[in-house]
Asks: 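Pasting in a structure now, in structure tokens, and then I'll have a few things to ask.
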Amino acid sequence: MEIKMHEIPIREVIKGYVDNSEEGCYGYGGKLNIRPPYQREFVYKLNQRRAVIESIQKNFPLNVMYWVQNDDGTFELLDGQQRTLSICQYVNGDYSVNKMYFKNLLPDEKDALLDYKLMIYICSGGTDREKLDWFEIVNIAGVELTKQENRNIIYSGAWLTAAKKFFSKKDCAAQKNYGDYLKGSAIRQDFLETALKWIADRYKISVEDYMARHQHDTHCNELWIYFQNVFAWVQATFPKYRREMKGLSWGLMFNRHGEKFLDADELERKIVALMEDDEVKRNAGIYEYLLDGNEKHLNLRKFSAKVKRAVYERQDGICAKCGGHFDLKQMEADHITPWSKGGKTEIGNCQMLCKNCNRRKSDK
């Protein structure tokens, strides 16, 4: 693998610039693939893009960039995508700097910017694995890669390219159809990672195993169809949308409960009742609680330290179950009548148990 430094003027890099879902993202007369499969989506904010242009206008040096030369003479941008796109988008007229678009600059100002030379290391020869290893080494500047972006480096290929169309674009299908249920950012790979975690859980494997198995597939139909099935089940089971539904682990719930017969109307009545119950402190946990019955999802109201102390003194430090005497720190507050049977978190429904007795009661 051979690596050489080149100084290439901006006017050459931006030549033939195009960026759309059909044709991809290219420059350098169509020979430079600015967004190869292993690259992240564009994430620079406007102030960061402007800082790139201001640095060029002041003739400050930018960090070096890295390209890989393919056997057919084309190139892939290995590191420097954020800066390259900032430059291309400015010259393309997508945003202004100091209230001046590129078209508003004087001719000599335009020429100065276009003649600015970018320092680019170009790697030729070597295996795909060597190139990807090099990517991990040189990609140390700019916005830190997310865990999923790092996975995309290792498992790049046709399958990943197809998956990113559904899950990783700004207006991707996952965002348009199910964005209200998802947290995170499509372009930072959060949606793709979520889908992969869910389907990997279904097969009892890791995300990395799933990506490795499918890396060389020509499509991602299984993942996309599974993802749609998850939300078809969600919308049939819980048809009334509430903001508490955003960001829940719907795929994991689907994997465990998707084949159960569930009465949506009955579930809705229970949701309304639980939403109105002041004992429930985590409304988002209601959905998972209704599926598995585990009260931990609800974060039920706990007895205050003041109530615990008062009841401890009332019991003279005696455990209400085993009759042993314990220090306060060795005891825990317990509902005499459980919440599930209508018991409230109030002093009249509180008893102090030693930790062992309380644990045995909880395990029943």
Side-chain angles (χ1 to χ4, degrees), residues 41 146-148 151 159-160 162-207 209-211 213-214 219-277 279-300 340:
E41 299 298 317
T146 66
K147 191 170 184 178
Q148 186 57 45
R151 292 190 188 106
W159 177 89
L160 178 62
K164 289 175 75 173
K165 289 180 180 178
F166 288 109
F167 296 100
S168 302
K169 305 296 181 181
K170 185 177 180 181
D171 296 315
C172 62
Q175 174 70 64
K176 288 181 178 179
N177 296 323
Y178 311 115
D180 288 344
Y181 297 91
L182 301 168
K183 281 188 177 180
S185 164
I187 64 172
R188 293 312 307 271
Q189 309 305 309
D190 294 323
F191 296 173
L192 177 58
E193 183 175 43
T194 294
L196 287 168
K197 283 181 177 179
W198 292 351
I199 199 168
D201 173 82
R202 187 174 184 84
Y203 289 114
K204 308 302 180 187
I205 59 176
S206 68
V207 170
D209 284 338
Y210 185 85
M211 294 185 73
R213 291 181 184 184
H214 295 277
H219 59 79
C220 68
N221 291 352
E222 181 189 56
L223 179 63
W224 178 238
I225 291 171
Y226 163 80
F227 194 74
Q228 292 180 94
N229 287 340
V230 169
F231 287 107
W233 171 79
V234 172
Q235 292 168 349
T237 307
F238 304 108
K240 182 175 180 178
Y241 178 81
R242 293 179 173 87
R243 59 183 176 83
E244 287 85 359
M245 299 172 75
K246 189 177 185 67
L248 298 185
S249 297
W250 292 113
L252 305 187
M253 290 185 248
F254 173 75
N255 294 344
R256 289 155 181 72
H257 309 287
E259 295 183 0
K260 295 178 181 178
F261 174 76
L262 299 168
D263 186 331
D265 292 335
E266 178 62 21
L267 288 173
E268 175 60 20
R269 285 191 288 271
K270 291 180 178 179
I271 292 171
V272 172
L274 288 167
M275 289 280 181
E276 295 174 350
D277 190 334
E279 295 285 310
V280 176
K281 296 304 177 185
R282 182 174 178 267
N283 287 343
I286 289 173
Y287 298 92
E288 198 162 1
Y289 165 73
L290 290 175
L291 294 171
D292 66 17
N294 194 327
E295 294 176 4
K296 72 177 183 179
H297 303 305
L298 303 176
N299 192 18
L300 295 173
S340 60

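Starting from 1, each residue takes its place in the sequence as its number. Hydrogens, waters and symmetry mates play no part in the numbers below; they use all other heavy atoms, side chains included.
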Asks: For Phe254 and Phe231: C-alpha separation, side-chain torsions, deciding distance, then whether ring-ring contact (aromatic ring centres under 6.0 Å, His included) applies.
Replies: CA-CA 9 Å; Phe254 173 75; Phe231 287 107; 9.5 Å; no
Asks: Quick check for you: to the nearest 0.5 Å, what is the distance between Lys281 atom NZ and Leu298 atom CG?
Replies: 12.0 Å
Asks: Determine, step by step, whether Leu248 and Met253 satisfy the side chain to side chain contact (heavy atoms under 4.5 Å, CB included) criterion, reporting the C-alpha distance in whole Å, the side-chain angles of both residues, the deciding distance to 0.1 Å, and the verdict.
Replies: CA-CA 9 Å; Leu248 298 185; Met253 290 185 248; 3.9 Å; yes
Asks: Work out which heavy atom in Ala264 is nearest to a heavy atom in Pro239; give both atom names and the distance.
Replies: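 It is CB-CD, 4.0 Å.
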Asks: Would you indicate whether the side-chain heavy atoms of Asp292 and His297 approach each other to under 4.5 Å?
Replies: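 A side-chain contact exists here, since the closest heavy-atom pair is under 4.5 Å.
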Asks: Which pairs, with at least one residue in residues 171-186 and sequence neighbours excluded, count as a salt bridge (charged side-chain N to carboxylate O under 4.0 Å, His left out)?
Replies: none
Asks: Only pairs at least two apart or in different chains count here, so list each salt bridge (charged side-chain N to carboxylate O under 4.0 Å, His left out) that has a residue in residues 258-271.
Replies: Arg242-Glu268, Glu266-Arg269
Asks: Shortest non-hydrogen contact from Ala186 to Cys172?
Replies: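 Closest approach of Ala186 to Cys172: CB-SG, 4.0 Å.
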Asks: With Asp190, which residues qualify under salt bridge (Lys or Arg N to Asp or Glu O under 4.0 Å), at least two apart?
Replies: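 By the salt bridge (Lys or Arg N to Asp or Glu O under 4.0 Å) rule, Asp190 matches no residue at all.
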Asks: With a 4.5 Å limit on heavy-atom distance, are the side chains of Leu291 and Arg256 in contact?
Replies: no
Asks: Against Tyr181, only a single residue in Trp233, Tyr241, Tyr287 fulfils ring pair (Phe, Tyr, Trp, His ring centres under 6.0 Å); can you say which?
Replies: Tyr241
Asks: Could you tell me whether the side chain of Phe167 reaches within less than 4.5 Å of the side chain of Leu223, counting heavy atoms only?
Replies: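 Of all side-chain heavy-atom pairs linking Phe167 with Leu223, at least one is under 4.5 Å.
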Asks: For residues 220-234, pull every pair meeting salt bridge (charged side-chain N to carboxylate O under 4.0 Å, His left out), keeping only residues two or more places apart or in separate chains.
Replies: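 Not a single pair qualifies under salt bridge (charged side-chain N to carboxylate O under 4.0 Å, His left out).
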Asks: What are the two closest heavy atoms between Ile187 and Lys169, and how far apart are they?
Replies: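 Smallest interatomic distance, heavy atoms only, reads CG2-C, 4.3 Å.
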Asks: Hey, could you give me the SG/CG distance between Cys220 and Leu196, rounded to the nearest 0.5 Å?
Replies: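 One finds 9.5 Å between SG of Cys220 and CG of Leu196.
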Asks: State, without any angle test, whether Asp201 and Tyr210 hold a side-chain donor-acceptor pair at a distance under 3.5 Å.
Replies: no
Asks: With the side chain counted from C-beta on, respond yes when Leu262 and Leu290 share a heavy-atom pair under 4.5 Å apart, and no when they do not.
Replies: no
Asks: Could you tell me whether Tyr226 and Trp198 have their ring centroids closer than 6.0 angstrom?
Replies: no
Asks: Determine, step by step, whether Tyr178 and Phe227 satisfy the side chain to side chain contact (heavy atoms under 4.5 Å, CB included) criterion, reporting the C-alpha distance in whole Å, the side-chain angles of both residues, the deciding distance to 0.1 Å, and the verdict.
Replies: CA-CA 10 Å; Tyr178 311 115; Phe227 194 74; 3.6 Å; yes
Asks: With sequence neighbours left out, what residues match Arg213 under salt bridge (Lys or Arg N to Asp or Glu O under 4.0 Å)?
Replies: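 So Arg213 forms no salt bridge (Lys or Arg N to Asp or Glu O under 4.0 Å) with any residue.
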Asks: When you compare the side chain of Met211 with that of Trp159, does any pair of heavy atoms fall below 4.5 Å?
Replies: yes
Asks: So, taking the atom named NE2 in His219 and the one named NE2 in His214, what distance separates them when rounded to the nearest 0.5 Å?
Replies: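 Reported value, rounded in 0.5 Å steps: 10.0 Å.
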Asks: Apply side chain to side chain contact (heavy atoms under 4.5 Å, CB included) to Phe191 and Phe166, showing your working.
Replies: CA-CA 9 Å; Phe191 296 173; Phe166 288 109; over 6 Å; no
Asks: Do you know which of Lys147, Arg151, Arg188 makes side chain to side chain donor-acceptor pair (under 3.5 Å) with Glu193?
Replies: Arg151
Asks: Is Trp250 reaching over with its side chain to a backbone N or O of Met245, donor-acceptor style, under 3.5 angstrom?
Replies: yes
Asks: Between atom NZ of Lys204 and atom CG of Asp209, what is the distance when rounded to the nearest 0.5 Å?
Replies: 14.0 Å
Asks: If you measure from CG on Asn283 to CD on Glu276, what distance do you get to the nearest 0.5 Å?
Replies: 10.5 Å
Asks: Should the heavy atoms of other residues, nucleotides or ligands under 6.0 Å from NZ of Lys296 be counted, would the total exceed 12?
Replies: no
Asks: List the steps and the verdict of side chain to side chain contact (heavy atoms under 4.5 Å, CB included) for Met275 and Glu244.
Replies: CA-CA 10 Å; Met275 289 280 181; Glu244 287 85 359; 3.9 Å; yes
Asks: Arg282: which residues meet the salt bridge (Lys or Arg N to Asp or Glu O under 4.0 Å) condition with it, sequence neighbours left out?
Replies: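 Arg282 satisfies salt bridge (Lys or Arg N to Asp or Glu O under 4.0 Å) with no other residue.
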